[in-house]
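In what follows, a single structure is set out as structure tokens and then discussed.
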Amino acid sequence: MAALTNKSQNKIIFVVGPTASGKSAWALKQAKKFQGSIVNIDSVQFYKGLEVGSAAPTAADLAEVPHYLYGYVSAPQEVTAGRYIQDFYALLENDIRFPLFVVGGTGFYIQAIEKGMFDVEPIPEEYRKAIESELAELGPEKLFAELKEKDPESKIHLNDHYRLVRAIEILRHSDKVPSQMKSQPTKNKNELKLPSIKIGFSFEKEIFAERVHLRTKQMIADGIINETTFFIKNGFENWAPLASVGFKECVQFVKDNLSTEWLQSAIEQGTMKLIKKQKTWFKRDEAILWSDHSPESLKNIDAKLDQFLMDD
RNA sequence: GGCCCGGUAGCUCAGUCGGUAGAGCAGAGGACUGAAAAUCCUUGUGUCGGCGGUUCAAUUCCGUCUUGGGCCA
């Protein structure tokens with residue numbers, strides 16, 4: 001075990017998959033076993049005060065193994081992929097226990113860690129605001145035409161206003177062409193260089209549905225409504241994470257004075273949709289080693305993990 | 001019992017001045033490089049409540065029955 005721990009010095013295990021797939025429990029067990037630590041890569045569990053609705057680790061979990069990047073951002077601050085990878089790599093500079101189990105379902109952020117972000121310098125907020133008001137006043141057609149002219153390869157859709165604004169912002173501010181950055185190798189200095197593997201957990205849809213049903217019930221019992229109303233009352237209704245599954249339903253529940261039955265089924269529905277989108281995202285990553293928690297697949301995964309940690 | 005308004009896609013509803021119908025949501029699939037649990041794309045045949053009548057043609061007009069809601073008895 002001592003030798004194994006030694007060789008685990010700089011190793012990273014990504015534990016990925018849709019929400020409610022049992023990632024965290026498995027990771028906790030392994031982190032205990034190998035005396036490592038756990039790092040969050042879930043875009044909602046970053047935030048303080050949203051623990052119930054984001055299914056964040058409990059106090060008991062936190063006490064068992066060192067956890068990082070959970071609940072470390074307070075309203076009205078918001079995390080971006082860029083900020084996250086900075087925080088992540090800053091964490092690696094600290095004296096933390098490896099192996100590192102990086103747990104979460106936000107595929108975009110996992111990609112950002114592994115491949116880095118395009119090398120675009122930060123753009124002042126007013127810059128984006130100006131483009132957004134241009135969009136609001138004139139509609140998307142003009143900006144879309146500008147995009148097509150400067151970046152003919154772009155696949156961004158006219159209606160995808162968020163990506164449209166972002167692309168225009170890059171084009172005007174930096175002279176870089178978004179869709180060209182895609183085909184060029186990323187020169188990001190933060191690209192992950194430590195040895196890593198990716199382990200994914202998932203279930204059949206029916207099993208997810210059952211788990212989501214129970215989990216949602218529990219969240220409502222544990223106070224997801226209070227969690228949400230706290231931020232509404234303090235004027236943070238537009239805080240980005242409140243637009244995510246569970247919280248946005250609570251916002252509507254409070255506003256329209258709906259029934260708990262409505263809330264329960266709305267959250268379940270939203271969560272199932274999320275699961276589907278997460279599955280779609282992870283499907284294209286062929287490096288992921290999958291398990292459905294069946295005894296055989298768990299055995300297989302454990303063996304792969306042992307092997308990875310023992311390799312030089 | 002009388003009068004009025006409804007019964008159209010899984011749900012909420014539009015519509016057809018008569019030529020068998022369409023949105024939103026849900027469902028299914030997909031995209032994704034600084035909001036990502038977000039954002040966006042693709043995908044809609046259903047006895048148009050039943051039965052009769054008028055008509056070349058009815059979901060659309062007429063009659064009748066049925067069913068939900070409201071008002072009056």
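These numbers come from a predicted model, not from an experiment. Atoms considered below: every heavy atom in the structure, side chains included; atoms not considered: hydrogens, waters and symmetry mates.
- A/Gln45 contributes a side-chain N or O that, together with a main-chain N or O of A/Ser54, makes up a donor-acceptor pair within less than 3.5 Å.
- The side chain of A/Val44 sits closest to B/A37 out of B/A26, B/A35, B/A37.
- Atom pair A/Met272:CE and B/G27:P shows a separation of 9 Å (rounding to whole Å applied).
- Among the protein residues, A/Thr271 comes within range of no part of the nucleic acid, since none of its heavy atoms lies under 4.0 Å from any strand.
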### Task
Take A/Asp87 and A/Tyr72 through the test side chain to side chain donor-acceptor pair (under 3.5 Å) and record every step on the way to the result.
CA-CA 10 Å; A/Asp87 295 345; A/Tyr72 77 109; 2.6 Å; yes

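- Contact annotation: A/Lys155 does not reach the phosphate of B/C41 (side-chain N/O to OP1 or OP2, under 4.0 Å).
- At least one donor-acceptor pair under 3.5 Å links the side chain of A/Lys23 to the backbone N or O of A/Pro18.
- The hydrophobic cluster containing A/Val245, built from Ile/Leu/Val/Met/Phe/Trp/Tyr side-chain heavy atoms closer than 4.5 Å, also comprises A/Leu274.
- Here A/Lys283 lies in heavy-atom contact (under 4.0 Å) with sugar-phosphate atoms only.
- Looking only at distances, a side-chain donor or acceptor of A/Asp42 sits under 3.5 Å from a matching main-chain atom of A/Val44.
- Distance check on atom C1': B/A21 versus B/G69 gives 26 Å, rounded to whole Å.
- Taking side-chain N and O atoms only, A/Thr106 has a distance below 4.0 Å to OP1 or OP2 of B/A37.
- Counting only heavy atoms from C-beta on, A/Gln278 has its side chain closest to B/A37 among B/A37, B/A26, B/U33.
- A donor-acceptor pair under 3.5 Å links the side-chain atoms of A/Glu78 to the main chain of A/Ala240, judged by distance alone.
- For A/Lys148 (side chain) and A/Ser154 (main-chain N/O), a donor-acceptor pair under 3.5 Å exists by modelled atom type.
- Taking atom P in both B/G27 and B/C65, the straight-line distance is 42 Å, to the nearest Å.
- Atom-to-atom, CD of A/Glu206 to C1' of B/G27 comes out at 14 Å; the value is rounded to the nearest Å.
- With C1' as the reference atom, B/G46 and B/C3 are 33 Å apart, rounded to whole Å.
- Out of B/A31, B/G34, B/C40, the shortest distance to the side chain of A/Thr280 is found at B/A31.
- Using bins of under 30°, 30° to 60° and over 60° for the plane-to-plane angle, the ring pair A/Phe203/A/Phe208 lands in the perpendicular bin.
- We find that CE of A/Met181 is positioned 15 Å from P of B/C32, with the value rounded to whole Å.
- In RNA chain B, consecutive stretches of 3 or more Watson-Crick or G-U wobble pairs with both distances under 3.5 Å are given as paired ranges: B:1-7 with B:66-72, B:10-13 with B:22-25, B:27-31 with B:39-43, B:49-53 with B:61-65.
- Taking atom CZ of residue A/Phe88 and atom P of nucleotide B/U33, one finds them 21 Å apart after rounding to whole Å.
- For A/Tyr127, the OH atom counts as densely surrounded, since its 6.0 Å shell holds more than 12 non-hydrogen atoms of other residues, nucleotides or ligands.
- In terms of position on RNA chain B, the residue among A/Glu78 and A/Lys273 whose nearest nucleotide sits closer to the 5' end is A/Lys273.
- Of the candidate nucleotides B/U33, B/A37, B/A36, B/U33 has the atom nearest to the side chain of A/Met117.
- Checking B/A37, B/C40, B/U33 against the side-chain heavy atoms of A/Asp160 singles out B/C40 as nearest.
- Relative to the side chain of A/Phe108, the nucleotides B/U33, B/A37, B/C40 differ in distance, and B/U33 lies closest.
- For the C1' atoms, the distance from B/U16 to B/A73 is 38 Å, rounded to whole Å.
- What separates NZ of A/Lys205 from P of B/G27 is a distance of 8 Å, to the nearest Å.
- Put simply, CH2 on A/Trp239 is 12 Å from P on B/A36, counting in whole angstrom units.
- OP1 or OP2 of B/G30 has at least one side-chain nitrogen or oxygen of A/Lys276 nearer than 4.0 Å.
- One atom, CZ of A/Phe247, and another, P of B/A37, lie 13 Å apart when rounded to the nearest Å.
- For the P atoms, the distance linking B/C51 with B/U66 amounts to 15 Å, nearest Å.
- Taking every heavy atom of residues 219-232 of chain A and every atom of RNA chain B, no pair lies under 4.0 Å.
- For B/A36, one of the phosphate oxygens OP1 or OP2 lies less than 4.0 angstrom from a side-chain nitrogen or oxygen of A/Tyr109.
- The side chain of A/Arg163 has B/A38 as its nearest neighbour among B/A37, B/A38, B/G34.
- Within the nucleic acid shown, A/Ala243 comes within 4.0 Å of sugar-phosphate atoms alone, with no base atom in reach, counting heavy atoms only.
- A donor-acceptor pair under 3.5 Å is formed between the side chain of A/Tyr47 and the backbone N or O of A/Val79.
- With distances taken from any side-chain atom of A/Ser244 to the nucleotides B/U33, B/G27, B/A37, the minimum falls on B/A37.
- By the 4.5 Å heavy-atom criterion applied to side chains, A/Tyr109 and A/Asn40 are not counted as neighbours.
- Between B/C41 and A/Asn159, a contact under 4.0 Å exists linking OP1 or OP2 to a side-chain N or O.
- On the C1' atoms, B/G68 is 32 Å away from B/A57, given to the nearest whole Å.
- Spacing between B/C11 and B/G44 at atom C1', rounded to whole Å, works out to 14 Å.
- Counting non-hydrogen atoms under 4.0 angstrom, A/Val79 reaches the backbone sugars and phosphates but no base.
- The local environment of CD in A/Glu125 is sparse, with at most 12 non-hydrogen atoms from other residues, nucleotides or ligands closer than 6.0 Å.
- Neither OP1 nor OP2 of B/A35 sits under 4.0 Å from any side-chain N or O of A/Arg166.
- Separation of the P atoms belonging to B/A26 and B/C62 is 38 Å when rounded to the nearest angstrom.
- Across B/A31, B/G27, B/C32, the shortest atom-to-atom separation from the side chain of A/Lys277 is found for B/A31.
- The phosphate of B/A37 (OP1 or OP2) has no side-chain N or O of A/Thr19 nearer than 4.0 angstrom.
- Within 4.0 Å of A/Gly53, counting heavy atoms only, lies at least one base atom of the nucleic acid.
- Of the candidates B/C40, B/G27, B/A38, the closest approach to any side-chain atom of A/Gln269 belongs to B/G27.
- Between the NE2 atom of A/His157 and the P atom of B/G30 there is a distance of 19 Å, given to the nearest Å.
- A donor-acceptor pair under 3.5 Å is formed between the side chain of A/Lys11 and the backbone N or O of A/Phe308.
- By the 5.5 angstrom centroid cut-off and the 30-degree plane limit, A/Phe118 is classified as stacked against the base of B/U33.
- Aromatic rings from A/Trp262 and A/Phe253 are positioned such that their centres are separated by 6.0 Å or more.
- The side chain of A/Tyr162 places no N or O atom within less than 4.0 Å of a non-bridging phosphate oxygen (OP1 or OP2) of B/A38.
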